[in-house]
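Below is one structure, written out as C-alpha cells; the observations come after it.
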Amino acid sequence: MVVLIVSIQPAVGQSLDGCGLPLPGGADRDSGLGERTIQNRQGQRFLLAPSLTARHTTTDNVALTPDGEKESSNVSEIVPAFTFCQNRPGLRTQIDYRAELLYYSDDTNRNDVRHQLNASNTAELADNTAFLDLDAQFDQRPLSVSEAFGGNRGLDTGNTEDVLDLRASPYINQDLGPAGSMQARYAFETTDHEERKDRDTDRHIGSVRLASPAAADPVSWLGSIRSERIERDESSASDETSYLDNAFVELGYRVRGRLTLTARSGLETENLPDGGYDRFGSEYWEAGGRWSNDRTRIEARFGKRFFDDTYFAAINHRAGRITGNLSYQEVQDVRADEDNPEPDVALSKRLNASASYEKGRSTVTVNVFDDRADFIRSGEERDRIGVDTRWRWQFQPRTTLTPSLDWQQLDDRNGIDNDIYGARISLTRLLSPEMQAGVTLRREERDSDDPSVEYRENAITLEITRVF
C-alpha cells in the first residue's frame with residue numbers, strides 16, 4: 001500500500017499549468033476530454049477529477065494462444081479513477097489512480113481487479129536551494145517476453161505480475177558565483193515484484209555536478225561524480241552488488257559562433273564477468289562538440305572506454321509544424337525486468353528517434369528504437385528494435401479518428417526471434433464537456449521461431465467515460 005499525504009491549501013500564484021488528466025482509454029481514445037477538463041477548471045486551487053469508465057471488449061483470442069487453442073470472450077470493465085494535481089510555489093503534486101474491475105462472461109474464474117498508480121511530488125524545502133522529489137508507480141508488467149503478452153489489459157495471458165516502484169530523491173542547487181553552479185543529489189529507488197522476487201532491487205545513487213557560469217564564455221567547464229549501488233533481493237540466486245560509477249571533467253571552448261568543442265576525461269567502474277568490479281578503476285576519454293540555435297541543438301562525442309570505441313549523439317529540432325529528436329548512447333546499466341531471469345550488468349547501445357508533424361487538427365507521430373545489450377555475467381546478447389506510428393485526426397470539432405501501427409522484433413533469453421505486430425483504429429466523440437464515447441478495432445499478431453507463443457487476435461472495444 002502506498003500512502004501519499006498532500007497538503008491542500010490556498011496559495012498565491014497557483015494554476016493548473018503542467019497538470020495532466022490521463023484517461024483510462026489512453027491517448028488513442030481521448031477526443032480532447034482531458035485537455036478540455038483542465039482548461040475549464042483553470043483558476044481553481046487544485047485539480048481533482050474523478051472519472052468513471054464503462055468498457056466492453058469482444059475478442060477472438062482472450063489468452064493470446066496459438067490458432068488451434070484460441071478462446072473467444074466478452075470482457076466487461078468498470079474503471080473508477082481519479083486525478084489530483086496541484087501546482088503552486090514550492091509544491092507540485094500529480095496523482096493518477098485507477099482500478100479496473102474485469103468481468104469475463106464466458107469464464108468468471110478469470111474475473112479480476114487490477115490497480116494502477118502513478119504519483120509524483122516535488123517540494124521546495126528551502127528557497128531556490130533544497131528540494132525533494134517523491135515518486136510511486138504500481139502497474140502490471142509481463143513476467144517474460146518469452147511468453148505471450150499484449151498491450152490490452154482485458155487479455156488474460158497469465159503472464160503478468162504486479163510491480164511497485166518507489167523513489168525518493170532530495171537535492172540541492174547552489175549558485176557559486178564565478179565558480180559556476182552546483183547540484184548535489186541523492187536518490188533511493190526500490191522495485192518490488194509480486195511473483196519474481198529475485199528481480200527485486202534497491203538502488204542508491206549519489207551525484208555532484210559543477211557547471212561553469214555563462215560569464216566564463218567562450219570557456220566552459222563541467223565536473224561530475226556519480227556513484228550508483230544496485231543491491232539484489234536476498235532471495236536472488238545471484239546476490240552480488242553491482243556498482244555503476246562515473247567521474248569526469250569536461251573542458252569546452254567556443255571556437256566560432258555557436259560551435260563549442262569539448263574534451264572529457266574520466267574514470268568509471270568496470271563490472272567483471274565473475275561478479276567482481278573495479279570501482280573507478282577504468283580510464284576513458286571522449287571528444288566532440290555541440291552547436292545550437294533557437295530551433296536546433298546538436299551534440300556529438302567519440303571516445304574510448306574499457307569495452308570498445310564509444311559514441312554519443314543527440315539532435316533536437318523544433319521548427320514550425322515539425323518536431324524531431326534523435327539520440328544514440330552507449331552505457332552500462334543493470335537490468336532487472338521481463339527480459340532477464342536474473343538482474344545482470346549490461347553494456348547497452350540505444351538508439352531512439354521520434355518525429356511529429358502537426359497541421360491544423362491533424363498530428364502524425366513516428367517513434368523508432370533499437371536497444372542492443374551484451375550482458376557481462378551471463379554472456380548473453382539481447383536485441384530489441386521497433387517502430388510505432390500514429391495519426392490523430394480531429395476531422396470534426398468534437399470527433400477524433402486515430403489509426404496506429406506498431407512493430408517490434410525481439411530475441412528472448414532463449415535466442416528465439418519474435419516479430420510482434422499491432423494495428424488499431426479508434427473513433428472517439430465528445431458527447432458533452434464531461435463525457436466522451438469511443439470504439440476501437442484492433443489486431444495483434446506474433447510470429448515466432450517458437451510456434452507455442454504465436455498468436456493472432458482481433459477485437460472490438462466500446463467505451464464511455466464520464467469526468468466528474
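Only a predicted model underlies this, so the values are computations on that prediction, with no experimental measurement involved.
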Can [X] and [Y] be counted as having a side-chain donor-acceptor contact under 3.5 angstrom?
X      : Y      : result
Asn458 : Arg443 : yes
Thr400 : Ser31  : no
Asp419 : Gln409 : yes
Thr465 : Thr53  : yes
Thr310 : Glu330 : yes
Arg232 : Ser242 : yes
Thr461 : Arg55  : no
Asp60  : Ser72  : no
Ser73  : Asp106 : yes
Ser169 : Asp133 : no

[X] [atom1] to [Y] [atom2] distance, which is reported to the nearest 0.5 Å:
X      : Y      : atom1 : atom2 : value
Glu445 : Glu457 : CD    : CD    : 11.5 Å
Glu35  : Asp30  : CD    : CG    : 8.5 Å
Leu427 : Phe395 : CG    : CZ    : 5.5 Å
Leu47  : Gln42  : CG    : CD    : 9.0 Å
Leu351 : Ile385 : CG    : CD1   : 10.5 Å
Asp450 : Ile416 : CG    : CD1   : 4.5 Å

If we ignore hydrogens and angles and just use 3.5 Å, is the side chain of [X] paired with the main-chain N or O of [Y] as donor and acceptor?
X      : Y      : result
Gln94  : Gly20  : yes
Tyr328 : Lys349 : no
Asn111 : Tyr104 : yes
Arg114 : Arg153 : yes
Glu454 : Ser448 : yes
Asn271 : Tyr243 : yes
Gln140 : Thr160 : no
Arg185 : Ile205 : no
Asn159 : Ala148 : yes
Asp383 : Arg372 : no

**Q.** Heavy-atom neighbours of Arg318 CZ exceed 12 at 6.0 Å
**A.**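 Open: at most 12 neighbouring heavy atoms sit under 6.0 Å from CZ of Arg318.
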Q | Arg209 atom CZ: more than 12 heavy-atom contacts under 6.0 Å | A |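 Atom CZ in Arg209 is not packed in, count stays at 12 or less.
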Least distance between heavy atoms, [X] atom then [Y] atom:
X      : Y      : value
Leu102 : Glu100 : CD1-O, 3.4 Å
Leu244 : Asp333 : CD1-CA, 3.7 Å
Cys19  : Gln86  : SG-N, 4.5 Å
Arg199 : Pro142 : NH1-O, 4.4 Å
Leu16  : Phe46  : CD2-C, 3.8 Å
Ser348 : Asp371 : CB-OD1, 4.4 Å

Would you say that [X] contacts [Y] through its side chain, given a criterion of any heavy-atom pair below 4.5 Å between the two side chains?
X      : Y      : value
Thr37  : Glu434 : no
Glu124 : Pro89  : no
Thr83  : Pro22  : yes
Arg442 : Thr57  : yes
Ile420 : Leu410 : yes

Salt bridge present between [X] and [Y] (N-O < 4.0 angstrom):
X      : Y      : answer
Lys197 : Asp192 : yes
Arg321 : Glu358 : no
Asp165 : Arg141 : yes
Glu299 : Arg301 : yes

Q: Could you label the plane-to-plane angle of the Tyr171 and Phe131 rings as parallel, tilted or perpendicular, counting under 30° as parallel and over 60° as perpendicular?
A: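 Parallel.
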Q: For the pair Tyr97 and Phe82, name the ring-plane relationship: parallel under 30°, tilted 30 to 60°, perpendicular over 60°.
A: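 The arrangement is tilted - the two ring planes meet at 30° to 60°.
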(Q) Arg456 vs Asp447, test: salt bridge (Lys or Arg N to Asp or Glu O under 4.0 Å). Steps then yes/no. (A) CA-CA 9 Å; Arg456 312 284 184 272; Asp447 294 328; 2.8 Å; yes
Q.
Which residue in the set Asp406, Thr389, Asn352, Asp388 passes side chain to side chain donor-acceptor pair (under 3.5 Å) when paired with Asn367?
A.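 Option passing the side chain to side chain donor-acceptor pair (under 3.5 Å) with Asn367: Asp388.
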Q: Dump the intermediate steps for salt bridge (Lys or Arg N to Asp or Glu O under 4.0 Å) on Glu268 and Arg305, then the final yes or no.
A: CA-CA 9 Å; Glu268 64 180 330; Arg305 296 171 65 180; 2.8 Å; yes
Q.
Is the distance between the ring centroids of Phe306 and Tyr284 under 6.0 Å?
A.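 For Tyr284 and Phe306, the ring centres are not under 6.0 Å apart.
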